[in-house]
Amino acid sequence: MPELPEVETIARGLHKRVAGDCIEDIWLSGKSPTFKSKPAEIAAILPGTCIRAVRRMGKHIVFDLESAGRKKKPQGIAKAKSRKAPALVAGPQWIVHLGMTGRMVVSDPSEESVKHTHAVLGLASGRELRFIDPRRFGRLSVVSAGNFEAGGVEPLEVNRERFVELFRGRKTPIKSALLNQKLLRGVGNIYADESLFRAGIRPRRRASTLSREQLERLYVSVQEVLKEAIALGGSSVSDYVDADGEEGFFQLKHRVYGREGERCLSCKTPIKRVVFIGRSSHYCPNCQK
DNA sequence: AATGAAACCTGACAGC
DNA sequence: TGCTGTCAGGTTTCAT
């Protein structure tokens with residue numbers, strides 16, 4: 001389901017709703033392979049913690065936790081360090097990957113839980129935080145503070161030079177590289193196709209055959225597409241909804257994804273769909289070289 | 001090293 | 001009504 005813009009939207013929504021709340025109890029379905037950490041470990045760590053922040057790293061949702069009733073440590077020690085030192089992370093982190101069909105909702109306990117609910121956290125405010133995932137490609141795990149490795153660089157934080165260097169000289173098709181989370185984290189099938197269209201590059205072009213100018217254009221395209229999508233709350237292609245149950249609207253702005261056979265918006269050539277690396281790729285055979 | 005297919009799962013939808 | 005086949009926003013693992 002979710003790529004960077006959807007996960008960003010969900011994480012912001014969750015932060016607004018549950019930051020500051022505390023986890024009192026937990027229920028887990030135990031169904032594999034939902035749990036990357038053992039369910040018993042998750043059940044042992046989460047209750048008794050408070051949610052300091054909810055944020056996104058790549059396609060992961062990160063819950064920064066701290067032990068309930070314990071104040072943040074004084075930060076005097078950090079003073080001597082450089083201004084660039086990262087904020088101290090007090091407690092464990094709960095990491096949620098939504099896979100293809102994962103959803104997180106804040107519910108009243110009186111609401112019946114839907115099929116494929118795999119985790120329910122009881123919050124001190126009386127509400128419940130629920131994780132629902134029909135296909136079970138999502139993953140839940142806990143890590144100790146600062147131990148989480150999300151992969152490559154953030155597309156919206158990387159500078160142009162680093163971006164170009166990530167791809168320059170690689171023999172792999174540029175779309176494979178864009179989807180490789182160890183290089184760039186957060187871009188998935190929709191936004192790879194949309195970015196490549198805007199940059200005028202075919203998905204199968206080998207990265208090594210792209211000029212610096214083309215890579216710079218791709219850099220701009222990726223950032224524009226992601227920013228526009230976040231502004232519209234993501235793309236709701238089939239069942240994606242954010243933490244408030246609201247659909248996104250970026251699917252209305254797709255120029256190639258899901259538009260096979262329809263006319264290209266800039267040249268009227270029918271959009272093509274080809275399958276490679278096991279996924280659909282959509283492109284305009286005229287505009288993209 | 002690097003491509004690519006298969007596997008992990010369920011549900012929706014099209015066609016017969 | 002029901003069967004079969006295809007497709008789906010992701011990632012990992014195994015074979016070539």
Side-chain angles (χ1 to χ4, degrees), chain A residues 1-11 29-37 56-61 95-104 114-118 131-141 148-152 155 166-167 169-197 203-209 222 225-226 228-230 232-243 246-261 273-282:
Chain A
M1 178 207 311
E3 303 180 34
L4 186 151
E6 291 78 31
V7 179
E8 178 70 28
T9 304
I10 292 167
S29 72
K31 275 206 177 157
S32 72
T34 304
F35 303 92
K36 203 169 167 184
S37 301
R56 178 194 62 76
M57 286 177 79
K59 295 175 190 170
H60 299 265
I61 302 170
I95 311 295
V96 177
H97 194 294
L98 299 170
M100 292 276 259
T101 52
R103 291 167 52 195
M104 297 214 74
V114 300
K115 202 176 171 186
H116 304 300
T117 299
H118 295 292
F131 173 70
I132 302 146
D133 184 16
R135 283 180 77 182
R136 280 188 259 149
F137 287 170
R139 295 289 180 273
L140 305 183
S141 59
F148 178 60
E149 252 314 314
L166 281 180
F167 301 108
R170 290 185 185 269
K171 289 179 201 144
T172 188
I174 184 63
K175 181 167 174 185
S176 302
L178 282 173
L179 293 176
N180 183 347
Q181 303 296 300
K182 288 183 177 141
L183 298 176
L184 200 62
R185 63 190 196 211
V187 174
N189 207 36
I190 293 179
Y191 299 103
D193 280 4
E194 292 297 317
S195 301
L196 287 166
F197 172 77
R204 298 197 85 136
R205 269 289 289 281
R206 309 242 161 214
S208 56
T209 69
V222 166
V225 164
L226 294 176
E228 289 173 26
I230 290 170
L232 292 181
S235 301
S236 290
V237 171
S238 64
D239 57 1
Y240 158 74
V241 290
D242 69 14
E246 301 289 337
E247 291 192 345
F249 294 99
F250 192 71
Q251 69 278 9
L252 304 173
K253 304 284 185 182
H254 291 175
R255 299 185 192 172
V256 286
Y257 185 87
R259 296 193 65 242
E260 181 187 13
R273 181 176 80 92
V274 295
V275 174
F276 95 104
I277 48 169
R279 339 229 7 211
S280 290
S281 286
H282 311 74

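So that the names make sense, note that chain A is the first sequence line, chain B the second, and so on, each numbered from 1.
- Contacts of A/Arg204 with the nucleic acid, taken as non-hydrogen atoms under 4.0 Å apart, involve only primed sugar atoms and P, OP1 or OP2.
- Proximity of A/Arg139 to the phosphate of C/dG10: no side-chain N or O atom is located under 4.0 Å from OP1 or OP2.
- Applying the 4.0 Å criterion to OP1 and OP2 of C/dG9, one finds that A/Tyr191 has every side-chain N and O outside that range.
- A/Arg56 places a side-chain N or O within donor-acceptor distance of the main-chain N or O of A/Gly58, the cut-off being under 3.5 Å.
- With a cut-off of 3.5 Å on both pairing distances, B/dC9 has no Watson-Crick or G-U wobble partner at all.
- The CZ atom of A/Phe137 sits 11 Å away from the P atom of C/dT11 (whole-angstrom rounding).
- At a threshold of 4.0 angstrom between heavy atoms, the contacts of A/Ser176 with the nucleic acid are absent.
- Side-chain atoms of A/Leu183 and A/Arg170, non-hydrogen and from C-beta on, do get closer than 4.5 Å to each other.
- In this structure, the separation between CZ on A/Arg259 and CG on A/Asp193 is 12.5 Å, given to the nearest 0.5 Å.
- OP1 and OP2 of C/dT11 both lie 4.0 Å or more from every side-chain N or O belonging to A/Arg136.
- The separation between A/Glu3 atom CD and C/dA8 atom P is 13 Å, rounded to whole Å.
- Atom pair A/Leu98:CG and C/dT11:C1' shows a separation of 13 Å (rounding to whole Å applied).
- To the nearest angstrom, P of B/dA2 lies 16 Å from CZ of A/Phe276.
- The nearest pair of heavy atoms linking A/Pro203 to A/Leu196 is CA-CD1, 3.8 Å.
- If you check the side chains of A/Glu3 and A/Tyr240, you find no donor sitting under 3.5 Å from an acceptor.
- When distances are taken from the side chain of A/Arg273 to each of B/dC8, C/dA8, C/dT11, the shortest belongs to C/dA8.
- Using a 4.0 Å heavy-atom criterion, one finds that A/Gly188 contacts the sugar-phosphate atoms exclusively.
- When the P atom of C/dG9 is taken as reference, atom CZ of A/Phe250 falls 15 Å away, rounded to whole Å.
- The aromatic rings of A/His116 and A/His118 sit tilted relative to each other, their planes meeting at an angle between 30° and 60°.
- Phosphate proximity of C/dG10 to A/Lys59: present, with a side-chain N or O under 4.0 Å from OP1 or OP2.
- For A/His97, no side-chain nitrogen or oxygen approaches OP1 or OP2 of C/dG10 to under 4.0 Å.
- Put simply, CZ on A/Phe131 is 14 Å from P on B/dC9, counting in whole angstrom units.
- Between A/Lys115 and B/dG11, a side-chain N or O to OP1/OP2 separation shorter than 4.0 Å is present.
- The A/His116 side chain lies nearest to B/dT10 when the options are B/dT10, B/dT3, C/dA8.
- Protein atom CD1 of A/Ile277 is 18 Å distant from nucleotide atom C1' of C/dT16, rounded to whole Å.
- To the nearest whole angstrom, the two P atoms, one in C/dC7 and one in B/dA5, are 14 Å apart.
- Distances shorter than 4.0 Å separate none of the side-chain N or O atoms of A/Thr101 from OP1 or OP2 on C/dA8.
- One N or O donor and one acceptor, one from the side chain of A/Arg135 and one from the base of C/dA8, sit under 3.5 Å apart.
- Residue A/Arg279 contributes atom CZ, which lies 14 Å from atom C1' of B/dC8 at whole-angstrom precision.
- As rounded to the nearest Å, C/dC14 and B/dC9 have P atoms that lie 15 Å from one another.
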